[in-house]
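Quick caveat, the model's predicted, so the values are computed rather than measured. Below, chains carry the letters A, B, ... as their sequence lines are ordered, and counting in each starts from 1.
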Amino acid sequence: MPTYVKNKPLEHIELELLLEGVFRQYGFDFRKYALASLRRRISTAIQAEGLATISELQNKVLHDPDCMERLVLTLSINVTKLFRDPSFYIAFRQKAVPVMRTYPFIRIWHAGCATGEEVYSMAILLEEEGLYERARIYATDMNEAVVKKAQAGIFPMKSMKEYTANYQEAGGTRPFSEYYTAQYDSAILRPELRRNVVFSAHNLATDGSFNEFNVILCRNVMIYFNQVLQERAQTLFRESLVNFGILALGRKESLRASTHEEFFEPLDTGERLYRRVK
Amino acid sequence: MSQTGIVVIGASLGGLRAVETLLGGLPAGFPLPVAIIQHREAGSDDRLSDLLQGHAALPVGEAEDKEAIAPGRVYLAPADYHLLVENGHFALSTEPPVWFARPAIDVLFESAAEARGAQVIGVVLSGSNEDGARGLAAVRRCGGIAVVQDPATAESSAMPNAAIAAAKPDEILPLEGIAPFLVRVCEGVRPVREGT
Ligand SMILES: C[S@@+](CC[C@H](N)C(=O)[O-])C[C@H]1O[C@@H](n2cnc3c(N)ncnc32)[C@H](O)[C@@H]1O
């Protein structure tokens with residue numbers, strides 16, 4: 001008879017210890033991320049590092065900051081596109097832009113901007129609506145490496161065909177090539193598009209409010225959080241929005257199960273645009 | 001199957017007819033939640049759920065992030081998102097495609113097996129790649145019930161064949177036999193497994 005009986009699946013314990021260690025050592029808090037996807041990402045990291053168990057990953061990550069950098073990259077899923085979900089931008093032009101016209105100065109926050117495609121899409125839209133001059137865009141992500149990429153504004157040329165189609169479907173009427181110059185296999189976005197953009201690192205799990213905004217976009221970021229962390233982020237958004245400020249979520253996200261629902265009213269139900277009403 | 005039972009179904013491009021037939025065979029009072037991965041184009045919209053609703057007695061809709069998993073409802077993975085089972089609700093993710101697919105069957109099945117163990121029934125239908133084989137093996141390993149459409153009745157037999165090889169399923173059934181089997185399992189009839 002073994003004296004020591006395992007009571008909880010070992011992997012759960014290992015995972016908790018890893019996340020706790022990462023938080024204490026590096027300040028990155030993944031403890032309230034949605035479990036199923038987090039587990040997949042962690043096993044991807046274990047494989048990529050050539051390791052066998054979560055405990056081995058813990059050992060390596062805690063002693064090796066480069067390994068931590070790779071882990072953050074694996075855990076932050078940076079998939080994004082210029083004019084992702086074109087119908088969102090149509091709804092934004094129709095429902096949000098008229099509200100924004102009433103402001104003399106517009107502050108916009110892209111929380112979880114990844115490599116910046118969403119930010120440049122917004123900059124183009126505002127430019128075309130004649131609102132860019134009075135706008136200031138804050139683009140943040142927890143992952144500094146992707147924020148740097150966002151700031152550079154260089155995207156693969158091979159994606160431009162798809163992005164051009166997205167742009168047109170999103171209500172764009174100019175030749176999309178006006179917005180970038182092609183160089184080898186890169187498309188370099190016009191630097192003027194970021195003259196009113198501030199890029200910086202910000203973590204929705206641990207950082208606080210840093211300004212007051214008229215519009216906040218947080219799309220496809222909170223899907224990686226569990227409900228407790230979602231509540232935290234939503235509190236942050238509510239506190240950072242002016243009265244009647246606009247909140248935009250991803251195509252399959254909502255405030256439905258949230259305690260914040262009563263503070264918002266839908267501006268466009270299909271495209272997940274909300275307005276703060278109290 | 002108890003309160004936490006769930007049916008997870010995977011079909012690839014061309015497997016749509018199989019999904020329609022299966023849903024058509026589930027009666028209005030079917031007691032379990034049903035989650036479906038139908039491989040689809042990234043840009044496709046909500047029309048697929050309308051289409052499937054036309055064949056189903058149960059309510060069909062695209063799953064939302066953190067939506068509670070309710071019995072007797074059919075949840076379809078939205079285009080371009082993986083669908084995962086968590087404790088009591090679904091979650092979405094845009095992590096890289098698996099077998100070139102997002103949504104991927106393996107992702108749903110493995111997360112269901114992890115979250116609900118022996119309470120999962122996994123069904124792999126017609127399809128032309130290997131998605132679902134790993135996932136179905138995970139379902140079986142965690143004590144759930146593994147079902148594969150008989151390759152002879154599948155428009156495309158590659159996916160059923162891969163699932164049979166990887167998972168040694170409890171049942172290999174002709175398409176028309178799958179819905180009645182699910183109903184029987186809900187009535188308390190569990191397949192007998194050799195050697196366990
Ligand atoms: C799938 S991308 C979304 C990009 C863009 N918003 C879109 O919808 O196309 C998710 C981003 O969220 C970021 N993220 C994840 N957790 C975060 C956190 N706690 N705080 C800030 N950003 C986070 C990731 O680094 C990643 O870049």
Max heavy-atom pairs within cutoff under 4.5 Å with chain B, candidates A:Arg256, A:Glu253, A:Arg41, goes to A:Arg41
Most contacts with chain B, counted as non-hydrogen pairs under 4.5 angstrom, among A:Ile223, A:Asn78, A:Thr44: A:Ile223
Is it the backbone or the side chain of [X] that comes under 4.5 Å from a heavy atom of chain A, or both, or neither?
| X | answer |
| --- | --- |
| B:Ala68 | neither |
| B:Leu92 | both |
| B:Glu95 | both |
| B:Glu110 | side chain |
| B:Val85 | backbone |
| B:Glu64 | both |
| B:His82 | neither |

More than 12 heavy atoms from other groups under 6.0 Å of [atom1] on [X]:
| X | atom1 | result |
| --- | --- | --- |
| A:Glu69 | CD | no |
| B:Asn87 | CG | no |
| A:Glu20 | CD | yes |
| A:Arg272 | CZ | yes |

[X] and [Y]: which non-hydrogen atoms are nearest, and at how many Å?
| X | Y | value |
| --- | --- | --- |
| B:Ala79 | A:Arg251 | O-NH2, 2.7 Å |
| B:Thr94 | A:Val79 | O-CG2, 3.1 Å |
| B:Glu86 | A:Ser37 | OE2-N, 4.3 Å |
| B:Asp65 | A:Met222 | OD2-O, 3.9 Å |

With distance as the sole test, does B:Lys66 use its side chain to make a donor-acceptor pair with the main-chain N or O of A:Ser254 at under 3.5 Å? no
Please round to the nearest 0.5 Å and tell me the distance separating atom CZ of A:Arg40 and atom OG of B:Ser111. 7.5 Å
In terms of heavy-atom proximity below 4.5 Å to chain B, should A:Gln230 be classed as side chain, backbone, both, or neither? side chain
Between A:Asn166 and chain B, with a heavy-atom cut-off of 4.5 Å, which part of the residue counts as in contact: side chain, backbone, both or neither? neither
